[in-house]
Amino acid sequence: MAMTSESGRLDFQSKLRSSRKITVLTGAGVSAESGIATFRRAGGFWRRYQAQDLASPEAWARDPGLVWEFYNHRRTASCNAMPNPAHRAIATLEARWRKAGGTFTLLTQNIDDLHEQAGSQSIVHLHGSIWHVRCVACGEVTPNRNIPITPAFAGSGSPDPAFRARHFAETDLPHCACGGVLRPHVVWFGEALESKHLIAAADAVNGCDVMLVVGTSAVVHPAAGFVTLAKRHGTNIAEVNIEASAVNDVCDWFFEGKAGDMLPLLLDIEPA
Ligand code: BV8
Ligand code: ZN
């Protein structure tokens, strides 16, 4: 069972200090204190939908305008979000380990760019990026921070279930120079993660001394599976969360609390 006491913190920090290879896995909880709604808490609902209902190829095939209205709403809601102390503590730890010649990888399930804004370098966006779009015809991926995504979506996206949703025509959707429709460059439920990301994540877990799991319910696979894989490799694992996640039982330490409060204290460590 994970240790959570003061002795647990000292034990964790001594293991961290002597580690040569660190991997961090983050989820929506690391961005919660930046004001970005998590998936499975109250904020996880939009109109009468759960995120899973709209983050899927089936929803896109059925009504791409509704899916874009959902992502346009999330882009608008998060465009002014700033990194919080949790993002910054992770970026600082990485900088220290890189300077000392150690190995550090950040695996994030989040599609926001707050880790980048906080200065993290070695980031694997397992589930893609809300600030990139991909052409369904030619496959080109491009950065896109247009708000609204197209003029037709101006003022749309109210999460109020009573909101009289309008139908968006194909011409209202963003298009590629090749004429194809642009979709959010994110991994939807039922879609495979990019193999380069799966390979990077497996590399990050292999031979990793310490893994930090921050702000994830750990119910989504294959991301959550990297924690149990690390455990099988003999990695020491710490969880930072306001409640125990689905992988809490394989963690050696559980630091209960908000990531923005806990990480600056826990990670204020120099490599041995
Ligand atoms: C795939 C991008 C196969 C889109 C996302 C049954 C069993 C196992 C698996 C499955 C199954 N049925 C279906 C599956 C597969 C499915 C899956 O895992 N489903 C789950 C729901 C059961 N997985 C997939 O479909 C994946 N693909 O399997 O493909 C395949 C293979 C080959 C060929 C074809 C197909 C794709 C999964 C990726 C889906 N895309 N996001 C978008 O964002 O719109 S996942 C989505 O959930 C987000 O990325 C999010 O990050 C992720 C996980 O959620 P969390 O980040 O953990 O967020 P959550 O709200 O759940 O939790 C927040 C946590 O933070 C909580 O623990 C809370 O306590 C904590 N917290 C809150 N505040 C704070 C805090 N902690 C600290 N401080 C705070 N302040
Ligand atoms: Zn194209």
Side-chain angles (χ1 to χ4, degrees), residues 25-46 49-60 67-68 70-75 77-78 84-87 89-90 107-112 114-115 125-142 174-195 197-198 212-228 238-248 254-264 266:
L25 171 70
T26 61
V30 81
S31 297
E33 292 155 83
S34 298
I36 296 183
T38 61
F39 266 74
R40 287 162 188 83
R41 276 274 176 240
F45 283 80
W46 181 75
Y49 303 100
Q50 265 230 335
Q52 277 100 301
D53 305 326
L54 295 161
S56 77
E58 294 75 18
W60 175 260
V67 173
W68 258 123
F70 173 55
Y71 282 93
N72 185 69
H73 164 69
R74 289 172 65 190
R75 286 159 58 106
S78 62
N84 67 58
H87 296 105
I90 292 169
L107 307 175
T108 187
Q109 300 171 87
N110 299 341
I111 60 175
D112 64 53
L114 297 184
H115 283 306
H125 270 283
L126 296 170
H127 297 158
S129 158
I130 202 165
W131 298 118
H132 287 76
V133 292
R134 185 169 81 240
C135 176
V136 299
C138 71
E140 190 184 17
V141 175
T142 46
H175 282 77
C176 173
C178 83
V181 171
L182 296 172
R183 59 165 276 180
H185 182 50
V186 299
V187 180
W188 283 329
F189 287 96
E191 292 187 319
L193 278 64
E194 291 189 53
S195 42
H197 291 158
L198 290 170
L212 194 55
V213 180
V214 185
T216 181
S217 58
V219 297
V220 172
H221 289 263
F226 289 113
V227 181
T228 36
E239 170 151 74
V240 177
N241 199 314
I242 55 174
E243 62 183 16
S245 77
V247 293
N248 188 266
F254 174 39
F255 301 106
E256 196 168 359
K258 290 183 173 181
D261 298 338
M262 306 292 282
L263 290 191
L266 275 174

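Residue indices begin at 1 and follow the sequence shown. Every number for a ligand or one of its atoms is a count from 1 in the order of the listing.
In terms of heavy atoms, Pro264 sits closest to Ala259 at CD-O, 3.8 Å.
Atoms CZ and CG, on Phe255 and Leu263 in that order, are 10.5 Å from each other to the nearest 0.5 Å. Here CG of Asn110 is found 10.0 Å from OG1 of Thr38. Values are rounded to the nearest 0.5 Å. Summarising the geometry, atom NE2 belonging to His125 is positioned 12.5 Å from atom CH2 belonging to Trp131; distances are rounded to the nearest 0.5 Å. The line from CD of Glu191 to NE2 of His127 is 11.0 Å long, rounded to the nearest 0.5 Å. Rounded to the nearest 0.5 Å, atoms CG (Asn241) and CE (Met262) are 10.0 Å apart. Distance check, rounded to the nearest 0.5 Å: CZ of Arg134 to CD of Glu140 gives 12.0 Å.
In terms of polar-atom proximity, defined here as any N/O pair under 3.5 Å, Val187 does make such a contact with ligand 1. Polar contact check, Phe39 against ligand 1: a nitrogen or oxygen pair lies under 3.5 Å apart. Remark: ligand 1 and Tyr71 share an N or O pair separated by less than 3.5 Å (distance only, no angle test). In terms of polar-atom proximity, defined here as any N/O pair under 3.5 Å, Gly27 makes no such contact with ligand 1. For His221, a nitrogen or oxygen atom sits less than 3.5 Å from a nitrogen or oxygen atom of ligand 1, counting backbone and side chain alike. For ligand 1, the polar-atom distance check finds no N/O of Phe189 at less than 3.5 Å from any of the ligand's N/O atoms. Residue Phe70 places no N or O, backbone or side chain, under 3.5 Å from any N or O of ligand 1.
For ligand 1, the atoms closer than 4.0 angstrom to any heavy atom of Glu243 are 69 (O). The Thr216 neighbourhood of ligand 1 comprises atoms 55 (P), 57 (O), 64 (C), 65 (O), 67 (O), with distances under 4.0 Å to a heavy atom of that residue. Which parts of ligand 1 touch Val219 is read off a 4.0 Å heavy-atom cut-off, strictly below it: atoms 18 (O), 20 (C), 22 (C). Listed by number with element, the atoms of ligand 1 under 4.0 angstrom from any heavy atom of Ser217 are 57 (O), 59 (P), 61 (O), 62 (O), 64 (C), 66 (C), 67 (O). For ligand 1, the atoms closer than 4.0 angstrom to any heavy atom of Gly215 are 63 (C), 64 (C), 65 (O), 76 (N). Residue contact check: Glu191 has heavy atoms under 4.0 Å from atoms 1 (C), 26 (C), 27 (N), 29 (O), 35 (C), 36 (C) of ligand 1. Counting atoms of ligand 1 from 1 in the listed order, those under 4.0 Å from a heavy atom of Glu33 are 78 (N), 79 (C), 80 (N). Which parts of ligand 1 touch Ala28 is read off a 4.0 Å heavy-atom cut-off, strictly below it: atoms 55 (P), 56 (O), 58 (O).
Side-chain atoms of Leu54 and Tyr71, non-hydrogen and from C-beta on, never get closer than 4.5 Å to each other. A 4.5 Å side-chain heavy-atom check between Val219 and Phe39 finds every atom pair outside the cut-off. Contact annotation: the side chain of Val227 never approaches that of Glu239 to less than 4.5 Å [non-hydrogen atoms, C-beta and beyond]. The shortest side-chain heavy-atom distance between Val133 and Trp68 falls under the 4.5 Å cut-off.
Nearest-heavy-atom check against atom 25 (O) of ligand 1 across Gly190, Pro57, Ala55 picks out Gly190. Of the candidates Gly29, Ser34, Ser31, it is Gly29 that places a heavy atom closest to atom 79 (C) of ligand 1. Of the options Ala192, Ala223, Ala218, the smallest heavy-atom separation from atom 33 (C) of ligand 1 is shown by Ala192. Closest heavy-atom approach to atom 47 (O) of ligand 1 within the set Asp112, Leu263, Thr38, Val220: this belongs to Val220.
With 3.5 Å as the limit, one finds a donor-acceptor pair spanning the side chains of Asp112 and Ser31.
Of the residues listed (Leu25, Leu198, Val247, Val213), the one engaging Phe226 in a side chain to side chain contact (heavy atoms under 4.5 Å, CB included) is Leu198, and it is the only one.
In this structure, Arg183 is positioned above the aromatic face of Trp188, its NZ or CZ under 6.0 Å from the six-membered ring centre and within 45° of the axis.
Distances shorter than 2.8 Å separate the Zn ion (ligand 2) from the protein N/O/S atoms Cys135 SG, Cys138 SG, Cys176 SG, Cys178 SG.
At least one donor-acceptor pair closer than 3.5 Å links the side chain of Glu33 to the backbone N or O of Gly260. A donor-acceptor pair under 3.5 Å is absent between the side-chain atoms of Ser34 and the main chain of Ile36, judged by distance alone.
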### Task
Any chance you could lay out the side chain to side chain contact (heavy atoms under 4.5 Å, CB included) test for Thr26 and Gln109, step after step, and finish with the verdict?
CA-CA 6 Å; Thr26 61; Gln109 300 171 87; over 6 Å; no
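Residue contacts with ligand 1 for Leu126 are absent, since no atom lies close enough (heavy atoms, distance under 4.0 Å). The side chain of Ile111, and not its backbone, has at least one atom closer than 4.0 Å to an atom of ligand 1 (non-hydrogen atoms only; side chain from C-beta on).
Using 4.0 Å as the threshold, Arg74 has a heavy atom nearer than that to some atom of ligand 1. The closest approach between any non-hydrogen atom of Ser245 and ligand 1 is not below 4.0 Å.
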